[in-house]
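Down below is the structure, laid out as structure tokens.
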Amino acid sequence: MRYISTRNKNDIATFSEAIVRGLSKDGGLYVPETFPQVSQDEMNEMLSMNYDERANLILSKFMPDFTMEEIAECTAKAYDKFDGETAPVVKMDEGLYLLELFHGPTIAFKDMALALFPHVLSKAKKKVGINEEIVILVATSGDTGKAALEGFKDADGIKILVFYPTGGVSNMQKLQMSTADGKNVGVASIKGNFDDAQTGVKEIFENSELKEMMKEKGYIFSSANSINLGRLLPQVVYYFSAYLDLVGSNEIEMGDEVNFTIPTGNFGNILAGYYAKQMGLNIKKLVCASNQNNVLTDFFSSGKYDAKRKFYKTISPSMDILVSSNLERLLFEISGRDDKLTFERMKDLKSKGDYTISKEEMDKISGLFYASFSSEEDTEVTISQFYDEYGYALDPHTAVGVYVSDTYCATKNDYDPMIILSTASPFKFNDYVLKALRAKVTDDPFKNAKTLKNMSAMDIPEAISELQTKEVRFNKIYEKEELVKALNDFLDGKLEIDEEV
Ligand SMILES: *Cc1c(COP(=O)(O)O)cnc(C)c1O
């Protein structure tokens, strides 16, 4: 099992090389040379396994340069931190299930990969012979920062520094980041907006003089982007695990076809479902659910990907995306793995903001994918109707999934088992959820959490309740031109608040 670039098939890497590099030299994304298969015997074997064991079996197919013990060590470290079951399937109705992916330390689905990736990266770094310490730099508009801080906390041979825009994150998100634990983490607030933070980080990555200086001190830079293979592959596991759970509870029989609906932004989560299908899982449809930023809905219906459009800020902010980076991996597959064509299309997207696929390629994807979107109003109504019907509070991202899943079932008259991926806890976006439920919303996020607890009969996740008593460790604010100063302060151990202050 080796990996090739979507833009140059001659760029070949081992698993460890691919995740240490992140992107290939030509800017392409690494994909497996062939899709490993999961046999019927393995499916039967996995029935009685827990989540970690299923993850070990599936991931071992992608990671030949890791021993089974090494993989098991990583999954244990990652998923021990989860609250209760790692990825439980909750039955809502006959043939309707929610796959809850929010039981990790930051109560959103990015934990599924970000809890695991840092441990794998630590080992991969040793395997490819990098002796320097890796410094992960992250610019965040909120959610990814905290998930990355949690994931990389105390990872071997890696430090992480997160930059966030001072006024650009919610009070809860700010509290989550400024109280982060771990010897190897740092958080700096930047006067400016998210783009200023992101531009600053890019400038650091492109500053060869700085990189040279850092290398002498024993550091190299890297990122924890969602297009890194190490973020994608752990997501394949829960598609298998959900299917096996339904077989185990006699909801379906082994071999039955199922549908999945995925609330989609960067196309990472749903692409993992496509990979699971390629590996032999009996998936009939992958329903791609978008919010008002419905560029993917238009792409799947017209064959034209057109990023030149208005950007909407919605109540499902983690899906507010106009360029879905991971779609490149699907384009590569449906073009018959044509690296030149994929390269051209990505060049078009960058230079003129669009590209179009062929009729033949459209036929290939329309069999497996269905795409639609939910307006802001439909999302709110869905939260409230679902609550009335099942007493279950959906987060807004999951509500987009539920609405589009309903649209799919009704228009295609397909009532085969449907598993909707629930990508965040409602507590993470409690103000939006309470508003949709017409409950009282205050400025105090902890009070809102209590209201939601009473309404939903769900416990307040520790990720939120613990913040009430945690000490703030990081409160330094930098000018947007001062990211390098923040970096040096971090590496010199001067970013943290002094003990006596
Ligand atoms: C990131 C995110 C998504 C979108 O997932 P992609 O892999 O980017 O498609 C959906 N919901 C939540 C809560 C997220 O954080």
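Read the numbers this way: they start at 1 and go in the same order the structure lists the ligands and their atoms. As the structure is a prediction and not an experimental result, all values here were calculated from the model.
- With respect to atom 6 (P) of ligand 1, the closest heavy atom belonging to the protein is Asn266 N, 3.5 Å.
- Between Ala108 and ligand 1, not a single N/O pair is under 3.5 Å apart.
- Of the N or O atoms in Thr423, one or more lie within a sub-3.5 Å distance of an N or O in ligand 1.
- What sits closest to atom 15 (O) of ligand 1 on the protein, heavy atoms only, is Lys110 NZ, 2.5 Å.
- An N or O contact shorter than 3.5 Å links Gly265 to ligand 1 by distance.
- For ligand 1, the polar-atom distance check against Asp395 finds no nitrogen or oxygen pair separated by under 3.5 Å.
- Inclusion of Gly268 in the set of residues having an N or O under 3.5 Å from an N or O of ligand 1 is warranted.
- Distance alone, capped at 3.5 Å, is enough to place a donor-acceptor pair between the Asn184 side chain and the Ile158 backbone.
- Contacts between Pro263 and ligand 1 below 4.0 angstrom, taking non-hydrogen atoms only, involve the backbone exclusively.
- Salt-bridge annotation for Asp111 and Lys146: absent, with no side-chain N of the basic residue lying under 4.0 Å from a carboxylate O of the acidic one.
- Taking the charged nitrogens against the carboxylate oxygens, Asp395 and Lys428 have no contact shorter than 4.0 Å, which rules out a salt bridge.
- Residue Ala424 approaches ligand 1 through these ligand atoms, each under 4.0 Å from one of its heavy atoms: 13 (C).
- Looking at Asp414 and Tyr408, their side chains do bring a donor and an acceptor atom within 3.5 Å of each other.
- Atom 7 (O) of ligand 1 has its closest protein heavy atom at Asn269 N, 2.9 Å.
- Between Asp93 and Lys91 there is no salt bridge, since no side-chain N of the basic residue sits under 4.0 Å from a carboxylate O of the acidic one.
- Heavy atoms of Lys428 found under 4.0 angstrom from ligand 1: none, in either backbone or side chain.
- Salt-bridge annotation for Asp416 and Lys284: present, with a side-chain N of the basic residue lying under 4.0 Å from a carboxylate O of the acidic one.
- Which parts of ligand 1 touch Thr264 is read off a 4.0 Å heavy-atom cut-off, strictly below it: atoms 9 (O).
- Ser405 contributes no side-chain N or O that, together with a main-chain N or O of Gly401, makes up a donor-acceptor pair within less than 3.5 Å.
- Under a 4.0 Å N-O distance rule, the pair Glu150/Lys81 does not qualify as a salt bridge.
- For ligand 1, the polar-atom distance check finds no N/O of His397 at less than 3.5 Å from any of the ligand's N/O atoms.
- The pair Arg54-Asp245 meets the salt-bridge criterion, with a side-chain N (NZ, NE, NH1 or NH2) lying under 4.0 Å from an Asp/Glu carboxylate O.
- In summary, the atoms of ligand 1 found under 4.0 Å from a heavy atom of Met319, numbered by their order in the structure, are 10 (C).
- With respect to the salt-bridge test (charged N to carboxylate O, under 4.0 angstrom), the residues Arg329 and Glu333 do not qualify.
- The contact set between ligand 1 and Phe109, taken as ligand atoms under 4.0 Å from a residue heavy atom, comprises 1 (C), 2 (C), 3 (C), 5 (O), 7 (O), 14 (C).
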